[in-house]
Amino acid sequence: MAKEKKFLTCDGNQAAAHIAYMFSETAAIYPITPSSTMAEYVDEWAAAGRKNVFGETVRVDEMQSEAGAAGAMHGSLQAGALSTTFTASQGLLLMIPNMYKVAGELLPGVYHVSARALASHALSIFGDHQDVMAVRQTGCAMFATGSVQEVMDLAAVAHLAAIKSRVPFVHFFDGFRTSHEIQKIEALENDDLAGLIDQKALTAFRKRALSPEAPVARGMAQNPDIYFQAREASNVYYDKVVDIVDGYVKQLSELTGRNYNLFDYYGAKDAERVIIAMGSVTEAIKETIDYLTKKGEKVGLVAVHLFRPFSVKHLGEALPATVKRIAVLDRTKEPGANGEPLYLDVVEAFASCKDIACANKPLIVGGRYGLSSKDTTPAQILSVYENLAANIPKHGFTIGIVDDVTFKSLPLKPELILENGPFEAKFYGLGADGTVGANKNSIKIIGDNTNKYCQAYFAYDSKKSGGFTCSHLRFGDNPIRSTYLVNTPDFVACHVQAYLRLYDVTKGLKKGGTSTFT
């Protein structure tokens, strides 16, 4: 008998914390936007006595800084306790020294990161991939998810693979766009995932715990005669990571009924123009592909999950043999580089030709998008595909802005009108006026009490109280992939229609019935 599906209306942070709690015995925390609520959820559940998959309550320790949280996590891993932490941006950078140690000592820790911009010319609390790209050299494996449902489905891969491979994992998703986006999703529970743990590997981890009964020397200083050899000796562990992650991704696919791979392909089977990207933008790209393939366009997408180690073999398996041109989208900027990290990885994959059929090497260009949560819409994705169709596609381009200084931006196009989309609404307000809280309640009422899919996203500036807020709500009969702001033209009409439609959806609930909305 098939297990009844359990639906949960939550944001990406809650989904990540929900999974992290299951596999953790200790959590060392320190709050930083937009990751703070992950730690808050774990702390709340521990205080309420919630049990993890081992039947224990997670021990939560709030430290004096992110550096302290990383140190406490390192220490608890050495003591044989499965440990995790949650962070972003400058907080993640403070963890780098310990990340090198955790990776070098082959400890199965997991860092859940709601990826955020780094302070450069200015501070920003909003999302992009600059922080996680700054830790790709630490030796931690890196695993990306692109939606609230993907966080719920795949966050466990980081914990399971870390235990089996002994390589620590950074599981990351887009700050705000995923971390704070509320969606109605299918939830997983302890019983669903407990059986996936490699018990032999877990027992071996416990036996390696520091103990006076089995003394060992760790954290030594080494000289030139041996350091190099020891660093290379870790290769055998990293060589196994790709297959371990692939195995767990396939198991999670079977469990959830949603198909996942290390690199997910979406689009025409005979696509000639393909975008490669990771994170929440992949959902908007899928919408654009549906729009274009109906018009006969041969376009596609490769969504990246396992970023480190980067598997050229699996990338080659995901790409259609017909591809002629590729655009790699990075949500980060490395000044002075010939290209951003994901672009350079893809270029190297085709340059080596070891695991990709390269009879007809595609033309590959790179571009940047979405820094500091800059909105990325289907119209901008359309510009990327049109750029690929040009005689000489622009490389190093940007989308979503007008660059009238260095002229790297692609043309801004009118927004696309997508067919059969969900109902959309916008509510304007001021920080602390209750608008955001009221709309969170509204969308959770719809998600928890009707058969509708729903989404809520809240745009506001860093002024917080007294600043501008805008609540973006969507609901409908199909899963919602629109990872960008609602684009409604008329302020008054929007409010009137939104309140009427929300009333229509919820009016039956007061009588204990279901929505009559169609």
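Leu252 contributes atom CG, which lies 12.0 Å from atom CG of Asn259 (distance to the nearest 0.5 angstrom). If you take CG on Leu154 and OG on Ser253, they are separated by 7.0 Å, rounding to the nearest 0.5 Å. Rounding to the nearest 0.5 angstrom, the gap separating the CD1 atom in Ile32 from the CE atom in Met38 is 11.0 Å. Once rounded to the nearest 0.5 Å, the distance linking OH of Tyr369 with CG of Leu329 reads 6.5 Å. Separation of atoms OG1 (Thr288) and CG (Leu382) is listed at 7.5 Å; rounding is to 0.5 Å. A distance of 7.0 Å separates CG in Leu292 from CZ in Arg273, rounded to the nearest 0.5 Å.
Applying the ring pair (Phe, Tyr, Trp, His ring centres under 6.0 Å) test to Tyr260 and every residue at least two apart in sequence or in another chain returns nothing.
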| message | Could you walk me through whether Thr37 and Phe86 satisfy the side chain to side chain contact (heavy atoms under 4.5 Å, CB included) test, starting with their C-alpha distance in whole Å, then the side-chain angles of each, then the deciding distance to 0.1 Å, before giving a yes or no? | response | CA-CA 9 Å; Thr37 54; Phe86 315 94; over 6 Å; no

| task | Report the C-alpha separation of Phe169 and Val245 in whole Å, then their side-chain angles, then the decisive distance to 0.1 Å, and conclude whether the side chain to side chain contact (heavy atoms under 4.5 Å, CB included) test is met. | result | CA-CA 11 Å; Phe169 269 69; Val245 173; 3.6 Å; yes

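A 4.5 Å side-chain heavy-atom check between Phe263 and Leu319 finds every atom pair outside the cut-off. Side-chain contact between Thr84 and Tyr21: absent, with no pair of heavy atoms (C-beta onward) separated by less than 4.5 Å. Contact of the Glu334 side chain with the Pro341 side chain is registered, since non-hydrogen atoms from C-beta on lie closer than 4.5 Å. Residues Asn487 and Thr377 fail the side-chain proximity criterion, which asks for heavy atoms closer than 4.5 Å. Using a 4.5 Å heavy-atom threshold, the side chains of Val299 and Thr293 count as touching. Val170 has its side chain out of reach of Arg308: every pair of non-hydrogen atoms, C-beta onward, lies at least 4.5 Å apart. Side-chain contact between Ile364 and Tyr343 is present, with at least one heavy-atom pair separated by less than 4.5 Å. Counting heavy atoms from C-beta on, the side chains of Lys452 and Asp477 come closer than 4.5 Å.
Just one residue in the list Leu94, Ile29, Leu93 forms a side chain to side chain contact (heavy atoms under 4.5 Å, CB included) with Glu66, and that residue is Leu94. Under the side-chain hydrogen bond (donor to acceptor under 3.5 Å, both in side chains) rule, Ser280 has a single partner from Thr376, Thr483, Asp174, which is Asp174. Across His472, Glu283, Glu287, Gln455, a single residue satisfies side-chain hydrogen bond (donor to acceptor under 3.5 Å, both in side chains) together with Ser482, and that is Glu287.
In terms of heavy atoms, Gly366 sits closest to His395 at N-ND1, 2.9 Å. Pro378 approaches Ala284 most closely through the heavy-atom pair CG-O, 4.5 Å. Considering every non-hydrogen atom in both Ile443 and Thr9, the closest pair reads O-CG2, 4.1 Å. Nearest heavy-atom pair, Leu430 versus Gly466, reported as atom, atom and distance to 0.1 Å: CD2-O, 3.9 Å. Nearest heavy-atom pair across Ile275 and Ile285 is CG2-CD1, 3.8 Å. Contact between Val486 and Glu424 at its shortest, heavy atoms only, is CG1-CB, 3.6 Å.
Ion pairing between a basic and an acidic side chain is recognised when a charged N comes within 4.0 Å of a carboxylate O; Glu254 and Lys250 show no such pairing. Using a 4.0 Å cut-off between charged side-chain N and carboxylate O, Asp128 and Arg116 make no salt bridge. Between Lys286 and Asp290 there is no salt bridge, since no side-chain nitrogen of the basic residue lies less than 4.0 Å from a carboxylate oxygen of the acidic one. Checked for salt-bridge contact, Arg258 and Glu150 miss the test: no charged N lies under 4.0 Å from a carboxylate O.
The aromatic rings of His129 and Phe172 sit perpendicular, their planes meeting at an angle over 60°, well past the 30° parallel limit.
Other residues, nucleotides and ligands place no more than 12 heavy atoms under 6.0 Å from the CG atom of Asn338.
In this structure, the side chain of Ser179 does not engage the main chain of Gly12 through any donor-acceptor pair within 3.5 Å. In this structure, the side chain of Arg325 engages the main chain of Ala390 through a donor-acceptor pair within 3.5 Å. Judged by distance alone, with hydrogens and angles left aside, the side-chain atoms of Lys184 form a donor-acceptor pair with the main-chain N or O of Gly447 at under 3.5 Å. Formation of a donor-acceptor pair under 3.5 Å by the Thr282 side chain with backbone atoms of Met278 is not found in this model. A distance-only check finds a donor-acceptor pair linking the side chain of Gln380 to the backbone of Asp375 [under 3.5 Å].
Ring centroid separation for the pair Phe458 and Phe427 does not come in under the 6.0 Å cut-off.
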Counting only pairs under 3.5 Å, give me each side-chain donor-acceptor contact of residues 139-146, with atom names and distances, residues two or more places apart or in other chains.
unit_1 : atom_1 : unit_2 : atom_2 : d
Thr145 : OG1    : His171 : NE2    : 2.9

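Residue pairs satisfying the salt bridge (Lys or Arg N to Asp or Glu O under 4.0 Å) criterion with at least one member in residues 388-411, sequence neighbours excluded, are absent.
Side-chain contact of Asp270 with Thr322: a donor-acceptor pair under 3.5 Å is absent, judged by distance alone. Between the side chains of Thr332 and Asp330, no donor-acceptor pair is found at a separation under 3.5 Å. At a cut-off of 3.5 Å, with distance as the only test, a side-chain donor of Asp264 or His305 sits close to an acceptor on the other residue.
Geometrically, Arg481 does not engage Tyr453 in a cation-pi contact, judged by NZ or CZ lying under 6.0 Å from the ring centre and within 45° of the ring axis. Phe350 does not carry Lys361 over the face of its six-membered ring by the limits of under 6.0 Å from the centre and within 45° of the normal. At least one cation-pi condition fails for Lys294 and Tyr291: the charged atom is not both under 6.0 angstrom from the six-membered ring centre and inside a 45 degree cone around its axis.
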